[in-house]
4 protein chains.
Amino acid sequence: MPDASRRNPQAHQAILGATWDLLVAGGWSAVSVDAIAARAGVGKRTIYRWWPNKNAVALEAFLARARATPPPGDPEGLSETLRAHARHFVDLYVGTRLGALLRELIGAAQTDPELARALREHWFLPRREPLRALIPGDDPDLVLDLVFAPLHYRLLTGHAAIDHAFADNVVKVALACSTASG
Amino acid sequence: MPDASRRNPQAHQAILGATWDLLVAGGWSAVSVDAIAARAGVGKRTIYRWWPNKNAVALEAFLARARATPPPGDPEGLSETLRAHARHFVDLYVGTRLGALLRELIGAAQTDPELARALREHWFLPRREPLRALIPGDDPDLVLDLVFAPLHYRLLTGHAAIDHAFADNVVKVALACSTASG
Amino acid sequence: MPDASRRNPQAHQAILGATWDLLVAGGWSAVSVDAIAARAGVGKRTIYRWWPNKNAVALEAFLARARATPPPGDPEGLSETLRAHARHFVDLYVGTRLGALLRELIGAAQTDPELARALREHWFLPRREPLRALIPGDDPDLVLDLVFAPLHYRLLTGHAAIDHAFADNVVKVALACSTASG
Amino acid sequence: MPDASRRNPQAHQAILGATWDLLVAGGWSAVSVDAIAARAGVGKRTIYRWWPNKNAVALEAFLARARATPPPGDPEGLSETLRAHARHFVDLYVGTRLGALLRELIGAAQTDPELARALREHWFLPRREPLRALIPGDDPDLVLDLVFAPLHYRLLTGHAAIDHAFADNVVKVALACSTASG
DNA sequence: CGTTAAGCGAGACGGTACGTCTTGTCTTCGT
DNA sequence: ACGAAGACAAGACGTACCGTCTCGCTTAACG
């Protein structure tokens, strides 16, 4: 295992930057380890020393940019909070390179268990966890899924449009559910 | 381009069968056009003549098997109907090779727009369409998403378990929503 | 074996014509059985019914055109006769599509024994035979080779130019040989 | 393009060796880039990195073996020298795998200009050059052709046998020519 | 005059080889 | 020891061509 303290931060950033640039310029299909290395002016070995494969690099590039736009500070009331989060996802995902990348990462995760685990651990769970405590009832995960699943489902299948109105609707009915049924 | 009436049905079935066999034996990563051709005793050209790539072949293999277990005849009452469908999806997807294949196909669809279109057109929409008419209110798609999105979301992200109880809960709250909010 | 009396002469000529056209348009590499069939408006089966492979077709196309320019009627004297023949070869081969085709056929014959046999039988021997009787001495084949080999050698290796002067020189020294040594 | 100093000599030799082995075992038709790579335990990419195609590989394999039997040191007298060289060609070519390979390479060169150039440059010219200076008269190339063309002509057309006697005869008459006519 | 057996056009098929691409490992230098 | 560079084994990709085949259609010879 490499010694993290001796890692070259320039190379680290160059790799993430090159990955993102390639993605913007040519889409996911333009991202290959060779291409990243060439554009970053870095040896392939340096990439494989620190990441297991290009999916992991792309995940880190995604997280760096996605985390740069932090989730909304929670306003008053559960309904408002969830609505703010749902709209935040819409803004982050829809019509953005970041949303496309997330789609592609979730896609790649279907054949890359390690990526699936990392996505859960570094993206989905951290965004859900702060909200779980706010949800009353004995199955907060169910409510969170009612809110967030439709968003991601449409993102991945594209069978219907996603916008703020949709986000608002989803939150409204999901909350109605949890009170009506819980 | 090619004349479908002259298509060799033996070769057609052999290709789909070989694809499925490879999938069962070695998972999605074992499926390659070369491997399919070799196992089916078929020239690669014959595959490329009728399908654009292996994703399309795998989709057809998926649909052939998935359609072989038709959705439940609709029992009395909307609630029962949706519950039957949700449980049907659970049975079809969870812990089965078919579910794994669907996951992988949705994954591949994130970088293959044609596959995405075909999946929507030949899988998602046909399963939704008969149910849309049954849903009261002015946004039946929203209700269908409340029911089916959590299922697929958990299938794709694996952040929580899927079983009949989950399916039942989802249907219960989704219906509670639509009545409470609509 | 097919019944030659029922052969369609239009198809026969169309195939030879298409072969030649392809050759002129794109060189030997543009000649494939598929391409011939397509351009001739003929089924591949029709080609394979009458020829074993494309080399045989091309040979026939070559012979049809090469035989259309018959060798010179033999003038007075062996020296003149050989010189006329040598110059005839030069005219036929050098800088012409026909010469290029012969090169390519001899090339193909190196891995196609049947083509080699046919070339010998239908091209080389018929051109040599009438001359053999004219050559005095006990090894006329040697003299013929002294005359014709350099021509074909340069055609195939391209290590030096071929023109009438070269043809004349070859004939002059070859004849000098045969008298000096014989 | 690639950095020759970093070339792996084991792989280089394995490729040439595998090419030769395939040739000996199954003839030219058994030689394919795939087969070479498989037998040499080498990636196809490694072959294509250093050679443009299999013809170039085969040429190098030919040259390696052909140069291993160097041309005869030149004995006293032009006649003896040429005779030794002619017999050397006969020994090298006739009834040997090497001769068959040369035939096939010359054949392939008819549709591969780069191979043609390389054959001239690395085989024909180096063997001719040392002899040119020995030939008196103003057209040494003509004399060399008189000696070597018949040999190669018969090799390529197979219209007559090749043996030491033929070589001797060719040299005898070719020299008679040059003195008689020059 | 009708039947029947070809030739024929079209093109699908099994197969093989091609040349390109990407992945992840390994080696060689330089710093 | 890390990093830049890139060669390497492996093997999938999609294309091209080969030679065989199956399908209907037409057409000539024969009953």
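Residue numbers begin at 1 in each chain, while the letters A, B, ... track the order of the sequences.
- The residues B/Arg65 and B/Glu60 are annotated as not salt-bridged, no charged nitrogen and carboxylate oxygen being separated by less than 4.0 angstrom.
- At F/dC2, none of the side-chain N or O atoms of A/Thr46 fall inside 4.0 Å of OP1 or OP2 (strictly under the cut-off).
- At least one donor-acceptor pair closer than 3.5 Å links the side chain of B/Thr19 to the backbone N or O of B/Ile15.
- Using a 4.0 Å heavy-atom cutoff across all strands shown, D/Arg49 reaches at least one base atom of the nucleic acid.
- When each of C/Lys44 and B/Gly43 is assigned the nucleotide of DNA chain E bearing its nearest heavy atom, the one mapping closer to the 5' terminus is C/Lys44.
- Of the listed nucleotides (F/dC18, E/dT27, F/dT27), F/dT27 has the atom at the smallest distance from the side chain of C/Arg6.
- Separating the CD1 atom of A/Ile36 from the P atom of F/dG6 is a distance of 17 Å, rounded to the nearest angstrom.
- Relative to the six-membered ring of D/Trp51, D/Arg7 meets both conditions, a distance below 6.0 Å and an angle of at most 45° to the axis.
- Across all strands, B/Arg7 comes closer than 4.0 Å only to sugar-phosphate atoms, never to a base (heavy-atom distances).
- Put simply, CD on C/Glu114 is 13 Å from P on F/dG19, counting in whole angstrom units.
- Considering only side-chain atoms of D/Trp50, the nucleotide from F/dC17, F/dC8, F/dT20 that sits closest is F/dC8.
- Each of D/Gly41 and B/Pro52 was assigned the nucleotide of DNA chain F with the nearest heavy atom; the assignment lying further toward the 5' end belongs to D/Gly41.
- Per the geometry, CG belonging to C/Asn55 stands 13 Å off C1' belonging to F/dC17, to the nearest Å.
- Here the side chain of D/His12 pairs no donor or acceptor atom with the backbone of D/Asn8 at under 3.5 angstrom.
- Contacts of A/Asp34 with the nucleic acid, taken as non-hydrogen atoms under 4.0 Å apart, include base atoms.
- Taking atom CD1 on D/Ile47 and atom P on E/dA17, their separation rounds to 13 Å, with Å as the unit.
- Toward the 5' end of DNA chain E, the nearer of the two residues B/Pro2 and A/Val33, judged by each one's closest nucleotide, is B/Pro2.
- Nucleotide E/dA12 holds its P atom 17 Å from the CD atom of B/Gln10, rounded to whole Å.
- Checked against the 6.0 Å centroid criterion, the rings of C/Trp123 and C/Phe62 qualify as a close aromatic pair.
- If you take CD of B/Gln13 and P of E/dC13, they are 13 Å apart, rounded to a whole angstrom.
- Across E/dA10, F/dA9, F/dC2, the shortest atom-to-atom separation from the side chain of C/Arg45 is found for E/dA10.
- Per the geometry, CD1 belonging to B/Ile15 stands 8 Å off P belonging to E/dC13, to the nearest Å.
- Per the geometry, CE belonging to B/Met1 stands 11 Å off P belonging to E/dA12, to the nearest Å.
- Both B/Lys54 and C/Ser32 lie close to DNA chain F; mapped to their nearest nucleotides by heavy-atom distance, the more 5′-ward contact belongs to B/Lys54.
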